[in-house]
Protein chains: 2
Amino acid sequence: MTKKRESDLINKNNCVMVHAMDIIGGKWRLPIIWKLYKNKTMRYNELKRSLSGITNIMLTRSLRNLEENGLVHRVEFSQNPPKVEYSLTDNCIKLVPALEVIYGWGHERLSKKDKDF
Amino acid sequence: MTKKRESDLINKNNCVMVHAMDIIGGKWRLPIIWKLYKNKTMRYNELKRSLSGITNIMLTRSLRNLEENGLVHRVEFSQNPPKVEYSLTDNCIKLVPALEVIYGWGHERLSKKDKDF
DNA sequence: ATTAGCAGGCACAAAAATGTGCGTGCTTGC
DNA sequence: GCAAGCACGCACATTTTTGTGCCTGCTAAT
C-alpha cells in the first residue's frame, strides 16, 4: 500500500512478489493476521493487548490497510461503549498455510538464537 | 535486521512473526529468494536483470543481509573479470513452501486487478 | 466521585528503507 | 582503440514507516 513510484511501474510482470510484499509486508501486518487466525474474532483492545509493543496508531493503520485490501473484516456494532470486531476474510485465509511455515521457521530460529547465550 | 528499539525488547515471547518479518520483510528480499529458488544459482548481474527495477545498492544490501542471516550462500571465484555466485542455504529452502503460497496468492490478486480495467 | 475501559484520532518526531548518480580496475570482443 | 560487462562501493537525498504523547465522549464499576 505504498504509493507507486515510477520505477515500480516498470515492474509489472515479474514482480508478483513485490506486489505481495506491498500488501503483507510491514512490521505488524503478519502478526495481526496471525492473531486473528488463532482467535477467529477479536476486538480492538484485545488485539492490542495480545500484540505486545504495538501502539494505537500502528494497530489502527495496519487494520485499515488490511481492510482496504480485503484481508480483514471490520464489523462495528452501534452501541455504547463501542464494540468493533475484526476477523479474516476468505481471501486472507488462503494465506494461512504460508504463515504456518513462516511461524515455524521463525520459531526455530529464535530458539536457536537463545541457546547462543 | 533493523536496529532494536526499546519497545521491541518488551516483545520477546509472542512476536515470532515480528522477528521473521525483520528478516524476510522488505521490498526485495522475497523476490530475490524466489529468483534464486527458481534458478538454483545466479550471478550478480543475472539477478539484477531478472529483478526489473532493482538498483545496485538495493541488490547488494539485500544480498548482504540475507547472507548475514544465513539465507543466502555467496561464493566468490577469484578471477578476472570477477565471478560471484549466489544460491539459497538449506535453512532458506525451508521457507520455499511459504513463498509458493504467497506467490500464488499474489498472482491471483494481480490478475483480478487487471480485469478491473 | 473517580476511575477504567471502549475504539480509536491528531500533530509531530524519529528512524528506517529505498533510490540517484557516479566511479572502481580489469578483460574480452569489435 | 573503444566500448561493454563483471561485481559492486560511496555520499547523499528522498520517501516510507513507525513511534510519542495526548485527547475524545460515553458507560459501568469501585
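Residue numbers start from 1 in every chain, and the chains themselves are labelled A, B, ... in the order their sequence lines are given, proteins ahead of strands.
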A:Leu59 atom CG is separated from D:dT17 atom P, nearest whole Å, by 17 Å
Does a nitrogen or oxygen in the side chain of A:Arg64 sit under 4.0 Å from OP1 or OP2 of C:dG8?
yes
Residue set satisfying side chain to side chain donor-acceptor pair (under 3.5 Å) with B:Tyr44, at least two apart, ordered chain then number -> B:Asn56, B:Thr60
- Message: Under 4.0 Å between a side-chain nitrogen and a carboxylate oxygen: does that hold for B:Glu68 and B:Arg64?
- Response: no
Notebook entry, point to check: For B:Ile57, which contact category applies under a 4.0 Å heavy-atom criterion: base, sugar-phosphate, or nothing?
Noted result: base
- Counting N and O atoms only, with roles assigned by atom type, does the side chain of A:Ser62 sit under 3.5 Å from a partner on the main chain of A:Arg29, one being a donor and the other an acceptor? no
When rounded to whole Å, the CZ to P distance for the pair B:Arg43 and D:dA7 reads 4 Å
Which of C:dT18, D:dT20, C:dC6 is nearest the side chain of A:Thr55? It is D:dT20
Practice task
Measure from the side-chain N and O atoms of A:Trp105 to the backbone N and O of B:Asn91, and report whether any donor-acceptor pair falls under 3.5 Å.
Solution key: yes
Phosphate OP1/OP2 of D:dA7: any B:Asn45 side-chain N/O under 4.0 Å
yes
It should be established whether A:Arg74 places a side-chain nitrogen or oxygen under 4.0 Å from OP1 or OP2 of nucleotide C:dG8. yes
Residues passing the salt bridge (Lys or Arg N to Asp or Glu O under 4.0 Å) test with B:Lys48, sequence neighbours excluded, are none
Phosphate contact (D:dG19 OP1 or OP2) by A:Lys27 side-chain N/O below 4.0 Å:
yes
Check the phosphate of D:dC8 against B:Tyr86, side-chain N and O only, distance under 4.0 Å to OP1 or OP2. Yes or no? yes
Problem - Note: B:Glu76-B:Lys83 ion pair, threshold 4.0 Å (strictly below) - result: no
Between CG of A:Leu51 and C1' of D:dT18 the distance, given in whole Å, is 15 Å
ask   = With a 4.0 Å cut-off on heavy atoms, is A:Lys48 in touch with a base, just the backbone sugar-phosphate, or nothing at all?
value = nothing
Atom CD1 of B:Ile54 and atom P of C:dT18 are separated, to the nearest Å, by 10 Å
Q. Under 4.0 Å: is that the gap between some side-chain N or O of B:Arg49 and OP1 or OP2 of D:dC6?
A. yes
Sort me out a list of protein N/O and nucleotides 28-30 of chain C N/O pairs below 3.5 Å, or just none if empty.
none

(Q) Does D:dT18 have its OP1 or OP2 closer than 4.0 Å to a side-chain nitrogen or oxygen of A:Arg61? (A) no
From CD1 of B:Ile32 across to P of D:dC8 the rounded distance in Å is 12 Å
Flag for B:Glu100-B:Tyr37: side-chain donor and acceptor within less than 3.5 Å | yes
To the nearest angstrom, the CE-P distance between A:Met58 and C:dC10 comes to 16 Å
